[in-house]
Visitor: 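Questions regarding the structure given below will be posed in turn.
Chain letters run A, B, ... following the sequence lines, proteins first and then strands; every chain starts at 1. For clarity, every value in this text was computed on a predicted model and none was experimentally measured. The figures that follow rest on heavy atoms only: side chains count, while hydrogens, waters and symmetry mates do not.
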Amino acid sequence: MLQSHAEPAQAPVAGIAAEPLLSVRNIEVVYDEVILVLRGLSLEIPRGAIVALLGANGAGKSTTLKAISGLLKTEDGEVTRGEVLFDGQRIDGIDPDKIVRRGIFQVMEGRGIVADMTPIENLRLGAFTRRDNEVQKDLDMVLGYFPRLRERTGLAGYLSGGEQQMLAIGRALMARPKLILMDEPSMGLSPLLVKEVFAIIQRINRDLGVTILLVEQNARAALSVASHGYIMEQGKVVLDGTAEELRDNEDVKEFYLGGAGDQRRSFKNLKSFKRRKRWL
Amino acid sequence: MNMQLLVQLLVNGVIVGALYGVVAMSFVLIYKASQVVNFAQGEFLLIGAWVCWWLLTKYQIPFFAGMAITLVFMLVFGVALQIIVLRPLIGEPIISVIMVTIGLSTIFQGAMKWIFGLNAQPFPPIFKTQSVNILGLQIQTAYLMSVAVSLAMMAGMAWFFKASKYGLAMRATAFNQQIAQSLGISVKNIFAMAWAISAVVSAVAGVVVGVVNSVSPALSTYGIKVFPAVILGGLDSIVGAVLGGLIIGLLENIAHYVDSEFLHWGNLYEIAPFYVLIIILMIKPYGLFGTRNIERV
Ligand SMILES: Nc1ncnc2c1ncn2[C@@H]1O[C@H](COP(=O)(O)OP(=O)(O)OP(=O)(O)O)[C@@H](O)[C@H]1O
Ligand SMILES: [Mg+2]
């Protein structure tokens with residue numbers, strides 16, 4: 001029943017690294033024409049990967065996702081420098097609904113459930129941009145992943161936080177995207193549910209080949225499923241590497257994985273941290 | 001007690017009320033989707049009816065062909081109105097938008113009077129038999145058609161919002177525009193679609209009234225009757241709008257009956273709905289079916 005929606009991950013051609021699915025190059029984002037939030041942020045997401053984007057509150061993680069999905073426009077924000085390339089084409093400045101059609105789907109912070117509709121109606125909406133006739137098949141597949149949603153026939157607004165998160169992920173799958181942007185899926189969930197949600201994220205990545213960019217406060221959970229991670233602070237990436245490297249990194253341990261100290265305010269204050277200039 | 005008159009007025013109330021319901025429904029459609037209070041709703045009936053009348057009488061087009069052309073025209077008209085007039089106003093204060101729709105209402109009324117005159121004009125006869133006998137009641141064919149068309153449009157609207165993907169998209173847009181956009185919905189297109197559907201549905205109601213009575217500038221009063229219906233039903237509820245319309249239609253006719261039998265104040269029925277409206281709003285400020293938001297994050 002499960003099958004890959006996205007193209008299989010490309011094997012690197014000898015000598016040339018495979019083209020990443022998404023590359024964000026040195027972007028600057030401004031809200032309301034004056035509030036500078038991203039100051040030259042770059043990142044790359046390989047096809048088929050799960051990449052974690054970590055950082056403190058207000059670092060600009062959600063802004064980064066909105067810059068990719070185009071939702072920035074709905075908040076009077078704009079990419080004023082740099083570029084966002086998806087599948088080799090520039091997508092910065094394009095309307096969000098057109099970006100969905102190209103294959104990027106954002107699961108917004110707070111889940112973005114349409115509260116006055118049923119879960120099934122929410123799922124159907126996920127397939128809004130599709131023209132093929134396999135929507136029903138995918139609906140069955142999604143309900144296979146989240147059997148609990150089938151039993152909830154009332155309004156989606158009355159679902160529990162965990163159920164809403166599953167609905168939001170399921171709805172993203174209904175669009176058959178190549179890339180899903182997830183903004184803090186663990187928010188407000190009990191540790192047990194966080195585990196469940198991350199297991200599902202890993203499963204859909206493996207089974208369906210969907211590439212995932214995962215924004216998280218819960219670094220431990222995120223790095224347990226991601227292959228790569230970026231750490232951002234004040235609108236810039238300050239550290240990146242494989243998930244393993246990041247897990248073993250002293251600063252990350254101290255700052256995010258509960259090494260708890262009194263100096264946790266900023267990365268810059270950490271002793272072993274050396275700021276790296278990055279030009280992608 | 002004049003039973004004959006009472007029954008007649010109740011039947012009348014249902015027929016007119018169903019039409020009020022249809023117009024109220026198309027008003028709520030625009031309000032829900034794009035948060036615009038459309039004071040030019042009644043003029044949609046007027047324009048639709050005149051255009052259809054003109055095609056039928058001047059060009060002798062058969063009724064259904066004329067109707068089809070009228071609806072296509074109204075579709076284009078609704079979209080054009082949204083794109084040219086309303087779209088530039090997105091983000092402006094509600095009161096400015098209201099002023100604009102009031103202005104549109106005046107402009108359309110004036111234009112229709114200028115083009116088609118002030119006199120009521122009958123539609124060419126459409127039905128072969130003038131009336132049919134149902135359970136001993138003589139009912140005019142045109143009235144039956146009116147109820148049938150109203151019910152069909154209500155059922156169509158229910159299907160649209162419940163089962164079609166554009167209906168779901170419109171509900172999502174009404175709920176939260178940013179969420180809608182995150183799902184790949186173009187909010188601009190949804191607004192245009194809401195205006196198009198609303199204009200078409202209202203025009204159908206306009207033609208129906210034209211066929212039952214005649215076409216005249218008075219048709220736009222349907223747009224005013226919409227307000228008590230819609231506020232009664234709750235501004236954002238389609239079902240409420242339909243029931244509100246029915247209630248207003250019945251109230252008018254019951255008031256008419258009470259007045260002609262007992263009170264003899266004259267013209268009481270014209271304003272009765274507004275009294276009832278005030279009383280109901282004092283008891284239920286959200287209307288009978290208006291929703292408060294689900295408080296849950
Ligand atoms: N629509 C907006 N208009 C103006 N400023 C904004 C807007 N959205 C975000 N900001 C500002 O941009 C900065 C980054 O916000 P963003 O939401 O991207 O952070 P975040 O990393 O997602 O934080 P959190 O972990 O709390 O979700 C903050 O200082 C915030 O105040
Ligand atoms: Mg955020």
Visitor: F128(A) versus chain B, heavy atoms under 4.5 Å apart: side chain, backbone, both or neither?
Guide: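 The answer is both parts of F128(A).
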Visitor: Indicate the atoms forming the closest heavy-atom contact of I238(B) with M157(B), along with that distance.
Guide: CG2-CG, 4.3 Å
Visitor: With only heavy atoms counted, which part of M108(A) is less than 4.5 Å from chain B, the side chain, the backbone, both or neither?
Guide: side chain
Visitor: Would the number of heavy atoms belonging to other residues, nucleotides or ligands and lying under 6.0 Å from CD of E33(A) be above 12?
Guide: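 At most 12 heavy atoms, drawn from other residues, nucleotides or ligands, come within 6.0 Å of this atom.
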Visitor: Chain B heavy atoms under 4.5 Å from I113(A): which part of the residue, side chain, backbone, both or neither?
Guide: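 It is the backbone, since no side chain atom gets that close.
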Visitor: Could you check whether E121(A) pairs with R171(B) (Lys NZ or Arg NE/NH1/NH2 to Asp/Glu carboxylate O, under 4.0 Å)?
Guide: yes
Visitor: Salt bridge check, R102(A) against D87(A): does any charged N sit closer than 4.0 Å to a carboxylate O?
Guide: no
